[in-house]
Amino acid sequence: MDRFLIQGPCRLEGTVRASGAKNAALPALAASLLTDHPLTLERAPEVRDVGSMRQLLSGLGVESQRLEGGALRLVPGEERSGFEAPYEQVKKMRASILVLGPLLARRGQAKVSLPGGCAIGVRPIDQHIDGLQALGAEVMLEHGYVYASASRLRGTTFRFGVPTVTGTENLMMAATLAEGRTTLENCACEPEIEDLATLLGRLGGRISGQGTPTIVIDGVESLGGGDHEIVADRIEGGTYLVGAAMTQGDVTLEGARPEHLEPLIDLLRAVGVEVTTGADWIRVRGPRTLQAQDVETAPHPGFPTDLQAQFMALMTQAEGISTIHETIFENRFQHAAELARMGAEIHVEEHTARVVGPRPLSGADVMATDLRASACLVLAGLVAEGETMVSRIYHLDRGYHAMEQKLQQLGARVERVPGPPTP
Ligand code: EPZ
C-alpha cells in the first residue's frame, strides 16, 4: 500500500490542469452497455475507479483501450454476453451499480451485487430499484444481489424520494431505451448528470431538463456510437484550489468550469481568499489570514459533500470557530480524528463538526480512510511543520490522477513511497 511522504510547510504556486471528472466518466463508461456501436471518451481520467469499471465492462463484453493521446475507446462485443456484475467487482467500487439500468434496458435483465456500504455511509439503492420498478422491471433482492428483468421498459413518471446522483443517472440511461416518455422528478442536478445527458444525446438519446430537478426522456429503439469529452473534475480541481488557499499560495486551475465550482468559489471568497475566474480557468491567491465560516453540504448547487473534508482542513487554519454540517452522508467526518493528531482542534457531534482555529499543524503519520479524507490529509500535510506520511494512498488513487506530480509541479515536496501490496 503506497504512502505519500510530505515535507511541510510549503506554498503552492503555478498552474495545474483539471483532469476529466471521475464521477462523469463512470456513468459514461456504463452507457457503453446501451449501444452496439463504439464510443470514444476524451479526458476519461486514469484513476483506479475507471480501471475497475473497464474491468467490469470487459466481463460484460465491452472491451476498452487507451488511444494515442489518452482517449478511451470502448467497443461493445458482437454478442451481448452476460448480464452479471459480480460481488468481487462491485465491492471494489459502489459505482458499479451504474451498470444496472443499462443492462436492464439493453439486455432485458441484470444481476448486480448489492454495493454494500462504505466508509462514509450505508449508501442505499432503494431509489434506483423503485425507479426501475416504476419503468416496469421485475426486481428481486436475494443473496446480496439485485435481480432485475424486463422485456421492454415502459416510460412513466417517477419522483425520487431523495435527489440521488447515480440514481438519476441509472434511470436516465434505462429510460433512453424505454417505450415512450419518462419524466423523472426531484432529480439530482450535479454537472456530471448534465454531462451524461450530453453524451446520451450524442448517441441518439432524446433528453431534456438535465441539470434541473425534472428530466424528460423520450425512449428510442436503439442508440448509435459517438465521441464525447468528459467534463472537468470540479472536485479534483477544487481540491487544488483549497490547497492554494491554505498555503498562502497562488494557483491557477486550467481546463475547469468556474460555474461548476460556484459554491466553493463563494465560500473561499467568504473566508478571505482572492478568487478570479475566466471562461475555463480559476485563480486562487491565499491570504495571510483566513476567516472562519460555517458551511452546510447539500445537493448541487449547494456546497458539495465531496469538498467537505478539504474545507475542514482549510478551516483548521482560519481565525475563529467554523461549523461544518454534513447533510448527505452519515459518517463523513473520519478525517477529523486524523487532523486532530496533527494538532487541529475539532469537536464532532453527530453530523456537525466545530473547527476551532487557527491551530498550527505538525507533521505526523496519518491514515486515509476514504477518497476525499485522503485528499484532506494531504492538504494538511502541506501546511504542517515537518514530515507527514499519509498511508493507504490507494484511496486517493481512486479519484486523483497523478496527485503527487501535480502537487510537485506546484512546488510541494511530496513523494510516493511504495508500500506492501494493496489489499
Ligand atoms: C455520488 O454518489 C458520487 N459518486 C459521490 O462521490 C458523491 O459524494 C455523491 O454522489 C453525492 O454528491 C459518483 O457519482 C460515482 P447519492 P451516490 O445517491 O450517487 C441517499 C466521491 O468521493 N440515497 O447522490 O452514491 C444517500 O444515502 C464519491 O467521488 C438513498 O437514500 O450518492 C445519500 O444520503 C463519494 N437512496 C443521498 O441519497 C438511494 O437509492 C445522496 O446519495 C440513493 C441514495
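Whatever order the structure lists them in is the order used to number ligands and atoms, beginning at 1. Everything quoted here is computed from the prediction, not taken from an experiment.
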Heavy-atom contact check, 4.0 Å cutoff: does Met93 meet ligand 1? no

Using heavy atoms and a 4.0 Å limit, tell me yes or no: is Gly121 in contact with ligand 1? no

So does Leu5 get a backbone contact from the side chain of Glu415, meaning a donor-acceptor N/O pair under 3.5 Å? no

Starting from atom 18 (O) of ligand 1, find the nearest protein heavy-atom neighbour and note its residue, name and distance. Thr164 OG1, 2.7 Å

Out of all atoms in ligand 1, which are within 4.0 Å of some heavy atom of Arg332? Include the element for each. 8 (O), 22 (O), 35 (C)

Salt bridge (Lys or Arg N to Asp or Glu O under 4.0 Å) assessment of Arg398 paired with Asp370: CA-CA 9 Å; Arg398 297 189 55 170; Asp370 59 82; over 6 Å; no

Heavy atom of Glu192, distance to ligand 1 below 4.0 Å: no

Write out the residue and atom name of the closest protein heavy atom to atom 30 (C) of ligand 1, then the distance separating them to 0.1 Å. Pro124 CG, 3.5 Å

Among protein heavy atoms, which sits nearest to atom 32 (O) of ligand 1, and what does the distance come to when rounded to 0.1 Å? Phe329 CZ, 4.0 Å

Can you list the ligand 1 atoms lying under 4.0 Å from a non-hydrogen atom of Arg372? 21 (C), 22 (O), 29 (O)

The answer for which part of Arg94 has a heavy atom under 4.0 Å from ligand 1 is side chain

Give a yes or no answer on whether the side chain of Glu330 reaches the backbone of Val122 with a donor-acceptor pair at less than 3.5 Å. yes

Give the single entry among Met53, His128, Arg123, Gln127 that approaches atom 2 (O) of ligand 1 most closely by any heavy atom. Arg123

For atom 41 (C) of ligand 1, which candidate among Thr305, Asp126, Thr166, Ile328 holds the nearest heavy atom? Ile328

Would a line drawn from the ring center of Phe311 to the ring center of Phe303 be shorter than 6.0 Å? yes

Taking the six-membered ring of Tyr145, is the NZ or CZ of Lys111 close enough (under 6.0 Å from the centre) and on axis enough (within 45°)? yes

Should the proximity of Asp306 to ligand 1, defined as any heavy atom under 4.0 Å, be assigned to the side chain, the backbone, both, or neither? side chain

Is a side-chain N or O of Thr35 found less than 3.5 angstrom from the main chain of Ser32, in a donor-acceptor match? no

Give the intermediate values and the outcome of salt bridge (Lys or Arg N to Asp or Glu O under 4.0 Å) for residues Arg359 and Glu345. CA-CA 7 Å; Arg359 290 287 181 275; Glu345 183 181 343; 2.6 Å; yes

For Lys22, counting its heavy atoms only, list the atoms of ligand 1 lying under 4.0 Å from any of them. 21 (C), 29 (O)

Given Val162, Ile97, Ile235, Val165, identify the one with the heavy atom nearest to atom 24 (O) of ligand 1. Val165

Atom 15 (C) of ligand 1 - nearest protein heavy atom and its distance: Asn23 OD1, 3.4 Å

Quick one: does Glu169 get a heavy atom under 4.0 Å from ligand 1? no

Please answer whether the main-chain N or O of Lys22 pairs with a side-chain N or O of Asp233 as donor and acceptor at a distance below 3.5 Å. yes

Any donor and acceptor pair, going by atom type alone, linking the side chain of Glu296 with main-chain N or O of Glu326 inside 3.5 Å? no

Distance under 4.0 Å to a non-hydrogen atom of Ile125: what atoms of ligand 1 satisfy this? 39 (C), 40 (O)

Gln210 and Glu194: side-chain donor and acceptor closer than 3.5 Å? no

We want to know whether Arg332 and Thr305 form a side-chain donor-acceptor pair, criterion being a heavy-atom distance below 3.5 angstrom. yes

